Peer 1: 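Sharing a structure below in structure tokens format, with a few things to ask.
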Amino acid sequence: PRALDPQALRAEFPALDQAVHGHPLVYLDNAATTQKPLAVLAALDHYYRRDNANVHRGIHELSRRATDAYEGARETVANWIGAGSPSELIWTRGTTEALNLVAWAWGSAEVGEGDEILLSVQDHHSNLVPWQLLAQRTGARLRYIEIDDEGRWILDDLDELVGERTRIVAVSHVSNALGTVNPVADLVAAVKQRSTARVVIDGAQAVPHLPVDVRALGCDFYAFSGHKMCGPTGIGGLWGRPEVLEAMPPFQGGGEMIDEVRRDGSSWASVPHKFEAGTPNIAGAIGMAAAVEWLGGFEPGAVLAHEQALSAYTMERLGEMGGVRVYGPADPAERSGVVSFDMEGTHPHDISTILDTRGVAIRAGHHCAQLVMRRYDTAATARASFYLYNTRDDVDRLIEGLAAVRDIFG
Ligand code: PMP
């Protein structure tokens, strides 16, 4: 494997090499989306220049190439997350569509009135709202895992939260708002001891940053997005336990997902194509596989270790400033590369606006996690989020910018 040298690999990211408002760009909004390396840009360019055709249909050379590249990409990404077979991976638009797919296809068939769906207040709206809609359709009851002052799940009352009525437990692997890395395997084991519930994991903030083995986690579904891991937008995946996918009815109807269409009904293609109606995002899948191959060049665990070191350094520098509140675990070892904070007397949107004038990109707002904001009695936080190309210099630029914010707001 290649050593993770952030400074050296920046040369592979054209978007990082630009000035913003007269300053070299410091990109610290990676939890929202990441920049793309040349390897991914080249894969997209090659596909559109040479191999572009629809998949699984035409019996001609380009269609064969497109189909091979598309299905080869599935194998690459499936291996990356520890799937037992490529057919366990369904291509989706991203995490959001993957979670909606489970809520509609599995949820509508398997959840009824009086059943319970267990969520966590730590979650992103895309792992809350699909389940709320399912509960409204079916009359199921929503329950929540609470979080402590440092953003960790409180699991003391699990005996009360999980039981015979629990049909689904849907939680995230890593929090996008707080950076908490959750003990997912332990929760899955505890849920399986107490119920027959299916466990759905939102891995949007995990797969890009740490080694994930979906089968070792013991969950039933696992969702993630390509654009947060150096891949293109509009592509992501849903891993499902094979026997669950076999039994699950389709999500959307259309071409590619059928076996036979009759006047009175239809039969379905086999898994995973049963869940992929219409022309898929062929280029996206190919680009995502290129991202996985590129990321796979580094030592497993190197990305998280690098991000945790940057988080630790950021928290130390923020601590020195005084009047800054950092959300999430105090111990960087329990975090990813997300640092959410606010400064006394300053609105997070003002922080990000001033930082932007200095070429520093962060995110301010509720981060699609309003239940987290409510838990800590705030409306918004400022959030710096790292990836493998960020450096200590980037953190220093952030801190200098925050000192300027403080000068302006007193
Ligand atoms: N879950 C989490 C934890 C996320 O951070 C995000 C992206 N912000 C999503 C889900 C949604 O991902 P996407 O917008 O790519 O569907």
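Both ligands and their constituent atoms are indexed starting at 1 by order of listing. It should be emphasised that the depicted structure is a prediction, and the values quoted were computed from it without experimental measurement.
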Peer 1: Any idea which atoms of ligand 1 are less than 4.0 Å away from a heavy-atom of Gln205?
Peer 2: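 The atoms of ligand 1 under 4.0 Å from a heavy atom of Gln205 are 3 (C), 4 (C), 5 (O).
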
Peer 1: With no hydrogens and no angle check, do the side chains of His349 and His347 hold a donor and an acceptor under 3.5 Å apart?
Peer 2: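 Judged by distance alone, the side chains do pair up.
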
Peer 1: As an exercise, identify every atom of ligand 1 less than 4.0 angstrom from a heavy atom of Thr96.
Peer 2: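 Result: 11 (C), 12 (O), 13 (P), 14 (O), 16 (O).
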
Peer 1: Output the list of atoms in ligand 1 that are nearer than 4.0 Å to some heavy atom of Ala204, sorted by atom number.
Peer 2: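 Contacts of ligand 1 toward Ala204, numbered from 1: 1 (N), 2 (C), 4 (C), 6 (C), 9 (C), 10 (C).
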
Peer 1: Assess the pair His56 and His273: is the distance between their ring centroids shorter than 6.0 Å?
Peer 2: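 When the ring centroids of His56 and His273 are compared, they turn out to be within the sub-6.0 Å range.
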
Peer 1: Report yes if His227 has an N/O atom closer than 3.5 Å to an N/O atom of ligand 1; otherwise report no.
Peer 2: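 N/O-N/O distance below 3.5 Å exists for this pair.
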
Peer 1: Decide whether a cation-pi geometry holds between Arg74 and Tyr70; the criteria are a distance under 6.0 Å from NZ or CZ to the six-membered ring centre and an angle within 45° of the ring axis.
Peer 2: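 So Arg74 does make the cation-pi contact.
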
Peer 1: Please check if any side-chain donor atom of Glu307 sits under 3.5 Å from a side-chain acceptor atom of Asn390, or the reverse.
Peer 2: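 Short answer, no.
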
Peer 1: Kindly confirm or rule out an N or O of Ser172 lying under 3.5 angstrom from an N or O of ligand 1.
Peer 2: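 No, Ser172 has no N/O under 3.5 Å of an N/O on ligand 1.
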
Peer 1: To check your reading of the model: name the closest protein heavy atom to atom 4 (C) of ligand 1, its residue, and the distance in Å.
Peer 2: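 Of the protein heavy atoms, His124 CD2, 3.3 Å lies nearest.
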
Peer 1: Is the shortest distance from a Lys or Arg side-chain nitrogen in Arg317 or Asp396 to a carboxylate oxygen in the other one below 4.0 Å?
Peer 2: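 Result for this pair is yes, salt bridge flagged.
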
Peer 1: For Asp202 and ligand 1, answer yes if some heavy atom of the residue is under 4.0 Å from a ligand atom, otherwise no.
Peer 2: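 Flag set, Asp202 near ligand 1.
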
Peer 1: So if I count the atoms of ligand 1 from 1 in the order they appear, which ones are less than 4.0 Å from some heavy atom of Ser225?
Peer 2: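 Per the distance check, 12 (O), 13 (P), 15 (O), 16 (O).
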
Peer 1: If we count only N and O atoms by modelled type, under 3.5 Å, do the side chains of Tyr389 and Asn30 hold a donor and an acceptor together?
Peer 2: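 Tyr389 vs Asn30: donor-acceptor pair found between side chains.
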
Peer 1: Would you call Ser126 a ligand 1 contact, heavy-atom distance under 4.0 Å?
Peer 2: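 True for this residue.
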
Peer 1: For ligand 1, which part of Lys228 has a heavy atom less than 4.0 Å away: the side chain, the backbone, both, or neither?
Peer 2: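 The part of Lys228 near ligand 1 is the side chain, not the backbone.
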
Peer 1: Under 4.0 Å from ligand 1, counting heavy atoms only, is it the side chain of Arg93, its backbone, both or neither?
Peer 2: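 Under 4.0 Å from ligand 1, Arg93 contributes no heavy atoms.
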
Peer 1: Can a donor-acceptor pair be found between the side chains of His367 and Thr381 at a distance below 3.5 Å?
Peer 2: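 His367 vs Thr381: donor-acceptor pair found between side chains.
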
Peer 1: Give a yes-or-no answer on whether the side chains of Arg137 and Ser108 include a donor-acceptor pair shorter than 3.5 Å.
Peer 2: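 Yes, Ser108 and Arg137 have a side-chain donor paired with an acceptor closer than 3.5 Å.
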
